[in-house]
Amino acid sequence: MISKFMKKAAVFGLTMAMIISSMAVTVITTPTRVKAAPTTSSTLVWSDEFNGSSLDTSKWGFETGTGASGWGNNELQYYTDRTDNAYVADGALHIRAKKESYGGKNYTSARLNTNGKFTFQYGYVEARLALPSNQGIWPAFWMLGANIGSVGWPSCGEIDIMEAINAENKTYATCHWNCNGHAEYGQSSGTFDRTQYHTYGLQWDSQYIRMFVDGNKIYEMYIENNAGDTDEFHKPFYLLLNVAVGGNWPGFSVDDSAFPQEMKVDYVRVYQENPSYNSSSSGNVDTNTGNTGSSTDNNTSTPSAGMGMEYAGSDTATAYVNDSSWTDIHYSVNGGGQQNVRMTQNGEKATYTIHGLNAGDSVKYWFTHCNTSGYVKDTESYTYIHNGSSSSGGNNQGSGGSTDVNTASGNIFIYQDINYGGRQASLGEGDYNLASLQSKGFQNDDLSSIKVPFGYKVTLYKDDNFQGETKVITSDTNWIGSDFNDVVSSIKVEKAQYLIKNRHSGLVMDVAWASMENGANVQQCEINGNDAQKWYITQNSDYSYTITSVLNNKALDAAGWSKEPGSNVIMWDKGDNQSNQQWWITEIGDGYSFILNKNSELSLDVENWSTENGGNIQQYGYNAQANQQWQFILAN
């Protein structure tokens with residue numbers, strides 16, 4: 001929300017390209033229902049559910065006035081601390097922008113922050129928001145570095161979890177920092193009705209900043225070891241909520257007939273795995289886990305009146321709470337990673353069914369509920385011993401009866417629990433039958449999430465020896481979906497092959513004449529299925545990529561190490577970390593990316609905007625042109 005004069009700028013320098021992680025490229029993948037969420041081991045450290053009748057001023061403070069130069073953006077409103085502009089009602093915070101003369105401005109609104117009341121470093125942040133939508137409006141949910149008073153902006157860093165402008169049916173996620181001046185990187189969401197309630201999330205750790213809409217990742221930036229001078233993002237931040245009117249980014253045309261306009265905030269929550277925060281707020285979470293009791297399948301020892309675990313079938317058990325408040329069940333099976341799951345309300349009873357249990361499995365569990373003070377631990381922890389028959393799962397041998405065991409390790413990581421929790425193992429390229437997975441500590445009933453770097457293709461099979469239904473995964477997936485959760489019995493790991501399609505011409509990158517020689521030209525051509533059009537993508541240690549032809553195993557190369565715009569791109573034997581064969585790949589939305597040479601800082605470009613077969617591929621300064629934008633399409 002500060003100095004957005006470069007907002008969504010099309011030109012990105014090399015430094016910005018360096019910070020984009022391996023997963024920032026959008027590729028064609030099997031649809032999933034992946035949802036961002038707190039990790040299985042995280043703790044809710046701060047929240048406001050806005051369930052009272054007034055704003056909790058122990059958690060939020062107001063910024064008032066017009067700010068310097070309209071809060072750095074030439075905004076048109078005057079921020080007040082009046083209930084006319086910010087009030088709590090009906091279980092939500094309402095930030096209202098009004099058309100009225102006040103303090104020399106023609107509009108009023110409110111801007112709230114937690115500075116001096118709650119700051120934190122790393123965690124999962126989520127807010128559920130319903131946004132205004134009209135010409136000239138600018139709502140935001142964002143964060144600023146807590147040291148802004150001493151170092152100023154942009155050196156303090158800024159993380160915009162959600163911004164929206166005018167009547168667009170999308171939102172934006174952006175980071176700002178100081179890299180020899182103002183630097184920024186941002187992405188927009190897909191289209192949706194932003195006036196309805198949606199969740200906007202941030203996952204922030206020492207390696208990545210990732211942002212989500214309704215649990216779907218729209219943005220990722222790599223910050224480990226201060227990549228791209230991003231040291232700002234390894235210090236405490238505070239939260240902000242505001243609705244601006246007009247300014248450099250949305251413009252100065254405002255639809256006065258649409259006022260008042262409101263952003264409604266259902267809740268704001270912050271979770272951390274290793275709590276690191278400062279707070280003067282009331283209502284922080286009690287994290288005492290309590291003692292361990294026991295109960296059995298037939299519920300003869302329910303932990304307390306109206307809550308417990310009961311037998312639900314040979315491989316399932318149902319947790320329940322007779323409580324009209326919404327509830328969460330927290331549980332682990334046989335000492336595995338903790339699961340945190342919202343239960344389903346049906347009248348006065350909330351339930352959640354745990355699947356995939358075997359006879360004798362030990363389930364440690366407890367419940368939480370929410371009141372006006374935040375999240376409160378409702379019970380001590382208890383242990384349930386499942387006495388049902390063992391789950392049949394999949395075949396242990398399958399029709400082929402293979403017993404070969406692949407013990408290779410590599411860049412693919414599989415996890416027992418959602419959100420990369422519980423037991424884990426790494427897989428290299430190759431085929432893994434059930435015996436292979438068992439040798440790594442996995443059964444056919446306990447795989448729930450997987451990490452797959454860009455450039456790999458992983459095929460999951462429901463049955464052993466690569467039989468039965470399949471699902472293809474080509475990116476980090478923190479829940480593999482209800483259709484494959486806890487049923488995977490074999491896995492194939494291979495290098496993905498991609499077609500690289502130009503946005504302007506609709507043609508794909510091609511090795512001219514299917515040449516096997518050094519110096520072969522690179523052109524564009526209609527899709528014909530030949531290996532000359534298929535490419536491997538391999539991540540390097542600095543998060544650049546080498547792009548290699550499936551046909552001849554030669555690397556995409558900036559000819560003669562040239563740094564001149566218009567210089568040619570060719571195929572050449574792969575060198576040892578040659579920068580003229582290394583490329584930054586930066587996703588720009590809608591499934592497209594620009595591809596920047598590490599040595600020259602120039603972008604892959606179709607010469608003269610050609611739409612013809614044989615059009616030449618060169619390198620040129622990136623100008624956000626369609627002939628410089630490429631889509632990676634899974635070919636195998």
Sub-4.5 Å side-chain heavy-atom contact between Gln631 and Lys501
yes
Any donor-acceptor pair under 3.5 Å from Gln533 side chain to Ile500 backbone:
no
In this structure, are over 12 heavy atoms from other groups packed under 6.0 Å from Glu168 atom CD?
yes
Would Val458 and Lys492 satisfy side-chain contact (heavy atoms from CB on, under 4.5 Å), going step by step from the backbone distance to the final call?
CA-CA 6 Å; Val458 176; Lys492 285 191 176 184; over 6 Å; no
Say you draw a straight line from CH2 of Trp177 to CG of Asp231; how long is it, rounded to the nearest 0.5 Å?
11.5 Å
Decide yes or no for Leu551 and Lys534: does some side-chain heavy atom of the first lie under 4.5 Å from some side-chain heavy atom of the second?
no
So, Gln625 and Asn627: side-chain donor and acceptor under 3.5 Å apart, yes or no?
yes
Any donor-acceptor pair under 3.5 Å linking the side-chain atoms of Ser567 with those of Ser562?
yes
Tell me if a side-chain donor or acceptor on Thr477 pairs with a main-chain N or O of Ser475 at a distance below 3.5 Å.
yes
Any luck finding a side-chain donor-acceptor pair between Asn433 and Asp464 under 3.5 Å?
no
Donor-acceptor check, side chain of Ser449 to backbone of Trp479, threshold 3.5 angstrom: yes or no?
no
Derivation and outcome, side-chain contact (heavy atoms from CB on, under 4.5 Å), residues Asp214 and Phe212:
CA-CA 6 Å; Asp214 289 334; Phe212 303 81; over 6 Å; no
Does Asp476 pair with Lys217 as a salt bridge, N-O distance under 4.0 Å?
no
Mark yes or no for whether Ser448, through its side chain, and Gln416, through its backbone, hold a donor-acceptor pair below 3.5 Å.
yes
Do you know which two heavy atoms are closest between Phe484 and Leu460, and how far apart they sit?
CE2-O, 3.7 Å
Do the side chains of Lys471 and Thr459 get nearer than 4.5 Å, heavy atoms only?
no
Looking only at the side chains, is there a donor atom on one of Ser600 and Gln619 sitting less than 3.5 Å from an acceptor on the other?
yes
Do the side chain of His198 and the main chain of Leu129 share a donor and acceptor less than 3.5 angstrom apart?
no
Whether Trp630 side chain and Leu604 backbone form a donor-acceptor pair below 3.5 Å:
yes
Less than 4.5 Å apart, any side-chain heavy atom of Tyr536 and any of Ile547?
no
Rounded to the nearest 0.5 Å, how far does CD1 of Ile414 lie from NZ of Lys451?
13.5 Å
Could you go through Glu587 and Ser593, starting from their C-alpha distance and side-chain angles, then the distance that decides it, and tell me whether this counts as side-chain hydrogen bond (donor to acceptor under 3.5 Å, both in side chains)?
CA-CA 4 Å; Glu587 194 265 339; Ser593 305; over 6 Å; no
CG/Asn613 to CD/Gln524 distance, rounded to the nearest 0.5 angstrom?
7.5 Å
Heavy atoms of Thr611 and His504 approach each other most closely as CG2-NE2, 3.5 Å
Would you say the ring centers of Trp204 and Tyr122 fall short of 6.0 Å from each other?
yes
Using distance alone, with no hydrogens and no angle criterion, decide if Gln629 and Arg503 have a side-chain donor and acceptor under 3.5 Å apart.
yes
Taken in chain and number order and not counting sequence neighbours, the residues that satisfy side-chain contact (heavy atoms from CB on, under 4.5 Å) with Asp573 are Asn518, Lys554
Evaluate Ser189 against Tyr172 for side-chain contact (heavy atoms from CB on, under 4.5 Å), listing each step before the verdict.
CA-CA 6 Å; Ser189 70; Tyr172 297 86; over 6 Å; no
Dump the intermediate steps for side-chain contact (heavy atoms from CB on, under 4.5 Å) on Asp557 and Val569, then the final yes or no.
CA-CA 6 Å; Asp557 180 290; Val569 175; over 6 Å; no
Does the side chain of Thr538 come within less than 4.5 Å of Lys495's, by heavy atoms?
yes
List the atom of Lys440, the atom of Ser409, and the distance in Å for their closest heavy-atom pair.
NZ-OG, 3.7 Å
Please verify the inter-ring angle class for Tyr219 with Tyr185; under 30° counts as parallel, over 60° as perpendicular, anything in between as tilted.
tilted
Minimum heavy-atom distance between Val522 and Met571, given as atom pair plus value
CG2-SD, 3.7 Å
Consider only side-chain N and O atoms of Asn616 and Asn521, and report whether a donor and an acceptor are under 3.5 Å apart.
yes
I'd like to know if the side chain of Tyr622 reaches the main chain of Leu596, judged simply by a donor and an acceptor atom lying under 3.5 Å from each other, with no hydrogens or angles considered.
no
Glu126 and Tyr124 side chains, donor-acceptor separation under 3.5 Å:
yes
Locate the shortest heavy-atom distance separating Trp583 from Leu602; write the atom from each residue and the value.
CZ3-O, 4.5 Å
Can a donor-acceptor pair be found between the side chains of Asn411 and Tyr456 at a distance below 3.5 Å?
yes
Are Phe454 and Tyr498 an aromatic pair by the rule of ring centers under 6.0 Å?
yes
Close side-chain approach of His176 and Asp160, heavy atoms under 4.5 Å
yes
Would the distance check show the side chain of Lys170 and the main-chain N or O of Arg194 forming a donor-acceptor pair, the cut-off being under 3.5 Å?
no
Validation row: Leu634, Thr474 side chains within 4.5 angstrom (heavy atoms):
yes
Evaluate whether atom CH2 of Trp561 has more than 12 neighbouring non-hydrogen atoms of other residues, nucleotides or ligands under 6.0 angstrom away.
yes
Would you find a donor on one side and an acceptor on the other, under 3.5 Å apart, between the side chain of Asp463 and the backbone of Tyr461?
no
Does Thr230 form a side-chain hydrogen bond (donor to acceptor under 3.5 Å, both in side chains) with Asn226? I'd like the steps, not just the answer.
CA-CA 5 Å; Thr230 54; Asn226 300 332; 5.0 Å; no
Below 4.5 Å, heavy atoms only, C-beta onward: do Val125 and Ile161 meet side chain to side chain?
yes
Which distance, rounded to the nearest 0.5 Å, do you find between the OH of Tyr432 and the OG of Ser439?
9.0 Å
Hey, what do you get for CG (Leu427) to CG (Asn406), rounding to the nearest 0.5 Å?
8.0 Å
So which atom in Cys179 and which in Gly228 form the shortest heavy-atom distance, rounded to 0.1 Å?
SG-O, 3.9 Å
Supply the atom-to-atom distance Gln618 CD to Asn608 CG, rounded to the nearest 0.5 angstrom.
7.0 Å
When you measure from the side chain of Glu224 to the backbone of Asp205, do you find a donor-acceptor pair of N or O atoms at a distance under 3.5 Å?
no
In terms of ring plane angle, is the pair Phe192 and Tyr200 parallel, tilted or perpendicular, where the classes change at 30° and 60°?
tilted
